[in-house]
Amino acid sequence: MQENLVIVESPAKAKTIEKFLGKDFMVKSSFGHIRDLSKKDLGINLADGFAPVYEIPKDKRKVVDELTRAAKDRTVWLASDEDREGEAIAWHLTEVLGLPVEGTKRIVFHEITKRAILEAIENPRTVDMNLVNAQQARRVLDRLVGFELSPVLWKKVRPSLSAGRVQSVAVRLLVEREREIIAFRSTPYFRVVAQFHAAGDKDRTLFKAELPTRFESREEAEAFLRSCVGATFTVAKVEEKPVQRYPAPPFTTSTLQQEAGRKLGMSVSQTMSVAQHLYEQGLITYMRTDSVNLSTLALAQCKEQITNLYGEKYSSYHNYKTKTKGAQEAHEAIRPSYIERQAIEGTPAEKRLYDLIWKRTVASQMVSAELDRTTITIAIDGRREQFVATGEVVRFDGFLRLYSESTDEEPAEDSEGLLPKLSAGDEVLYQTITATQRFTMPPARYNEASLVKRLEELGIGRPSTYAPTITTIINRGYVVKQSKEGQKRTYEQLTLAGGSVSAKTLSESFGKEKNRLQPTDIGMLVNDYLEQQFAPIIDYNFTANVEKEFDRVAEGDITWDKMIAAFYGPFHRMVDTAIETQSDKHGQARVLGADPKTGRTVKARIGRYGPMVEIEGEGEEKPRFASLKKGQLIESITLDEALALFALPRTLGEWEGEPMVVGLGRFGAYVRWGKSTFASLAKGDDPYTLTLERGVELIKAHQAQRTAANTPIRSFAEDPDMLVKNGRYGAYIAYKGKNYRIPKGTKPEELTLDECLKIVAASKK
DNA sequence: CAGTGAGCGAGCTTCCGCTTGACTT
């Protein structure tokens with residue numbers, strides 16, 4: 001029998017470590033935390049110094065039983081992560097497994113390499129109770145905030161809402177950005193770009209130069225172009241300077257989510273799920289990390305790879321330091337487990353994510369790129385303005401050969417290129433000078449990854465919670481994730497060529513958005529309420545401030561219950577005040593104007609079923625209501641947009657004696673034929689312009705589908721109860737009122753009764 | 001499941017951070 005039991009947090013980690021430790025060691029995993037505050041109530045005894053009431057959640061019972069059995073008669077090594085949560089897990093294990101805190105071996109390692117693990121075994125310590133207490137303070141504070149604030153919202157706004165230290169700040173960021181966008185007024189301006197060539201250049205090789213001055217009006221832009229007609233253009237200054245570009249550090253959870261979003265179009269939760277698969281297959285290191293550190297083993301492998309692929313001059317050791325507030329660095333950066341594996345087998349998403357991780361990791365240990373940046377300033381005689389041409393030439397590509405990081409900003413409109421050799425005093429001639437109308441842009445809405453980035457900058461949330469936090473605020477209805485079609489607009493362009501100025505009007509699309517996060521009316525209402533009643537809690541610095549207190553607890557400077565008491569007093573008074581204060585449950589109605597048809601007031605407000613617009617009633621006549629569409633906000637909807645909402649439901653006509661109506665329901669746009677035959681509109685259909693013919697098509701398709709769904713694929717004369725049907729998620733077995741999944745690889749149309757009965761019997765246990 | 005918007009009120013909702021499977025009709 002093995003004499004030792006090592007307990008880690010993750011089962012994949014357990015497997016790897018077991019290989020390193022040899023036969024005297026059994027390695028098991030706790031699957032994260034094994035105890036938590038009681039879920040039934042507050043889980044904190046306020047009268048007894050905030051004593052936490054811990055219990056083992058149902059789904060952890062099995063793990064705990066197994067660990068208890070394994071710990072019997074063995075030396076236990078607690079190898080949970082080296083951070084606050086990991087220390088707490090170790091302590092909970094001592095409590096639950098009945099181990100003494102003093103005398104139980106606690107070991108830590110930051111990388112899963114044989115050397116690191118053997119070294120850890122050589123240097124055990126005991127559980128650090130100060131650090132554990134800092135975690136208890138964190139846990140208790142979060143519970144107090146979440147479980148005291150949420151019920152205030154149920155009472156004062158609407159049931160089932162939630163508030164918390166992390167999620168409420170995430171919503172606040174989105175709300176404030178949205179209000180900046182609503183308040184933004186786009187202003188037009190004219191941007192001037194010239195195509196020049198050197199006067200002495202027979203080939204007339206063109207290069208671009210831009211005027212840093214922007215003109216506010218067409219008149220000014222035109223006047224400028226006219227003044228250029230007979231002007232002489234002379235090079236005033238040529239500046240050449242070398243610049244270095246450095247590779248980005250290896251991935252953390254947050255930067256991986258950002259790059260996978262930008263480069264691969266993956267959502268935050270998709271990225272995490274694919275990364276989890278790679279991790280479980282042993283292909284990458286742990287994917288929930290805030291560290292940019294690489295093990296010395298990985299560094300050596302990087303150097304070897306780079307030397308093999310590109311030669312030694314491309315390799316350069318970089319030691320990255322985290323800039324993240326509150327980073328705990330319990331793990332390595334996210335990197336391939338074996339750097340020499342350049343590609344893997346797997347799903348397309350797995351391959352692409354792995355490739356991204358591999359390139360980022362290897363590039364981080366490559367030499368910086370060297371570029372020459374040239375700036376040429378061109379003077380215009382008779383005018384103060386000067387054109388500026390910039391060019392960048394890569395002198396040595398370095399890491400750029402393998403990888404370059406993407407940015408959130410729109411790509412520059414004109415790519416910078418090679419500039420001709422010119423010196424001060426040279427004359428240049430223009431081929432064209434164009435003044436193009438542009439428009440100032442509102443700030444961009446956050447997407448998932450840029451929100452994560454902002455939260456990380458504020459030190460709010462942890463790698464393990466970024467993805468779930470986004471899910472939570474979407475599930476609560478505070479936020480929607482959506483794409484928007486671009487809108488068309490026209491712009492003017494003036495061109496000076498051949499001594500005369502011509503003008504034309506062009507059109508472009510703008511404002512196209514993909515998967516952006518936008519707050520809802522409820523999100524805004526809740527945010528405003530919290531800001532009013534609980535400003536200190538949703539302050540951007542709240543987390544950073546309490547983290548300082550947790551650090552004091554971890555240092556042993558203050559006891560955790562004293563820290564919590566100091567917080568709870570003022571906090572609970574805020575809760576009491578909020579409950580006593582009358583609130584405006586639905587917020588204020590916003591008057592949009594008068595309905596041009598009736599002259600009656602049109603208002604937007606939150607109703608029982610969510611945000612809506614209303615045309616007020618008068619005397620006997622009832623008011624008319626219409627729900628707002630996803631993405632429309634009470635704060636920003638216009639009168640015209642509101643009136644358009646009353647265009648539905650709309651009668652298309654009659655088909656086979658029954659009326660056909662198109663409308664918007666809870667599940668999107670639908671057509672209704674007669675009283676109760678409903679069909680959803682397809683993706684390209686627009687309820688506002690749908691024709692009767694299309695309505696008939698949709699209803700017919702719907703009926704055909706229903707017939708198909710009700711016709712079993714397989715039935716058996718011997719047992720009429722047994723049916724194989726086609727459902728939303730593919731074929732399934734229906735037997736005596738219950739449904740059963742068909743195992744992968746089985747062809748449903750070839751199933752026999754025996755096989756069906758076997759599947760039913762197998763799923764019973 | 002598909003339009004609604006009066007009012008009453010039982011019983012329920014909720015946090016953040018660690019970890020993976022489970023598994024729909």
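As the structure is a prediction and not an experimental result, all values here were calculated from the model.
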Query raised in the report: Quick one: stems for DNA chain B, with Watson-Crick or G-U pairs under 3.5 Å, at least three in a row?
Result: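 The stems that DNA chain B takes part in number none, since no run reaches 3 pairs.
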In whole Å, I'd like the distance from the [atom1] atom of [X] to the [atom2] atom of [N].
X: A:Phe678; N: B:dA2; atom1: CZ; atom2: C1'; result: 4 Å
X: A:Leu144; N: B:dT14; atom1: CG; atom2: P; result: 18 Å
X: A:Leu37; N: B:dT14; atom1: CG; atom2: P; result: 17 Å
X: A:Ile44; N: B:dC16; atom1: CD1; atom2: C1'; result: 12 Å
X: A:Lys40; N: B:dC15; atom1: NZ; atom2: C1'; result: 17 Å
X: A:Arg35; N: B:dG17; atom1: CZ; atom2: C1'; result: 16 Å
X: A:Phe571; N: B:dC15; atom1: CZ; atom2: P; result: 13 Å
X: A:Ile564; N: B:dC15; atom1: CD1; atom2: P; result: 18 Å

Which nucleotide, B:dG5, B:dC15, B:dT13, lies nearest any side-chain atom of A:Phe625?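 When the side chain of A:Phe625 is considered, B:dG5 is the closest of B:dG5, B:dC15, B:dT13.
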* **Out of B:dG5, B:dC16, B:dA2, whichever nucleotide has its closest atom nearest the side chain of A:Ser680** =>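 Among B:dG5, B:dC16, B:dA2, the one nearest the side chain of A:Ser680 is B:dA2.
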*Tell me whether the OP1 or OP2 atom of B:dC16 has a side-chain N or O from A:Gln167 closer than 4.0 Å.*
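Yes, A:Gln167 has a side-chain N/O under 4.0 Å of OP1/OP2 on B:dC16.
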Below 4.0 angstrom from OP1 or OP2 of B:dC15, is there any side-chain N or O of A:Ser162?
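Checking A:Ser162 against B:dC15: at least one side-chain N or O falls below 4.0 Å of OP1 or OP2.
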Do NZ/NE/NH1/NH2 and the carboxylate oxygens of [X] and [Y] come within less than 4.0 Å?
X: A:Arg106; Y: A:Asp128; result: no
X: A:Glu95; Y: A:Arg35; result: yes
X: A:Lys39; Y: A:Glu55; result: no
X: A:Glu697; Y: A:Arg694; result: yes
X: A:Arg600; Y: A:Asp595; result: no
X: A:Glu614; Y: A:Arg624; result: no
X: A:Asp81; Y: A:Lys13; result: yes
X: A:Asp521; Y: A:Arg605; result: no

Look at all strands and tell whether [X] reaches a base, only sugar-phosphate, or nothing, counting heavy atoms closer than 4.0 Å.
X: A:Gly610; answer: base
X: A:Ala88; answer: nothing
X: A:Arg84; answer: nothing
X: A:Gly86; answer: nothing
X: A:Arg672; answer: sugar-phosphate
X: A:Thr472; answer: sugar-phosphate
X: A:Arg476; answer: sugar-phosphate
X: A:Lys675; answer: nothing
X: A:Val166; answer: sugar-phosphate

Review point. For atom P, what is the distance between B:dT24 and B:dT20, given to the nearest Å?
Key: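 Approximately 23 Å lies between the P atom of B:dT24 and that of B:dT20.
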**Asked** When you compare B:dT25 with B:dG21, how far apart are their P atoms, in angstrom units rounded to a whole number?
**Response**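 Taking atom P in both B:dT25 and B:dG21, they lie 23 Å apart.
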Worksheet item: Has the side chain of A:Ser160 got a donor or acceptor atom sitting under 3.5 Å from an opposite partner on the base of B:dT13?
Response: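 Answer yes: a donor N or O sits under 3.5 Å from an acceptor.
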**Request:** Report yes if the ring of A:Phe147 lies under 5.5 Å from the six-membered base ring of B:dT14 with planes under 30°, and no otherwise.
**Result:**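 Yes; centroid distance and tilt both under limits.
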Exercise for review: Determine yes or no for a side-chain-to-main-chain donor-acceptor pair under 3.5 angstrom, with A:Ser80 supplying the side chain and A:Glu87 the backbone.
Suggested key: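 Side chain of A:Ser80 to backbone of A:Glu87, a donor-acceptor pair under 3.5 Å: no, none is there.
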Let me spell it out: for each of A:Arg165 and A:Asp41, pick the nucleotide of DNA chain B with the closest heavy atom. Which residue's pick is nearer the 5' end?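 Per heavy-atom nearest nucleotide, the more 5' residue is A:Asp41.
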Nucleotide by nucleotide, nucleotides 18-23 of chain B touches protein heavy atoms under 4.0 Å in the pattern (B base, S sugar-phosphate only, - none) BBS--B
Look at the aromatic rings of A:His92 and A:Tyr54 and report parallel, tilted or perpendicular, splitting at 30° and 60°.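 A:His92 and A:Tyr54: perpendicular rings.
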According to the interplanar angle, ranging from 0 to 90°, do the rings of A:Tyr568 and A:Phe571 count as parallel (below 30°), tilted (30 to 60°) or perpendicular (above 60°)?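 It falls in the tilted class, 30° to 60°.
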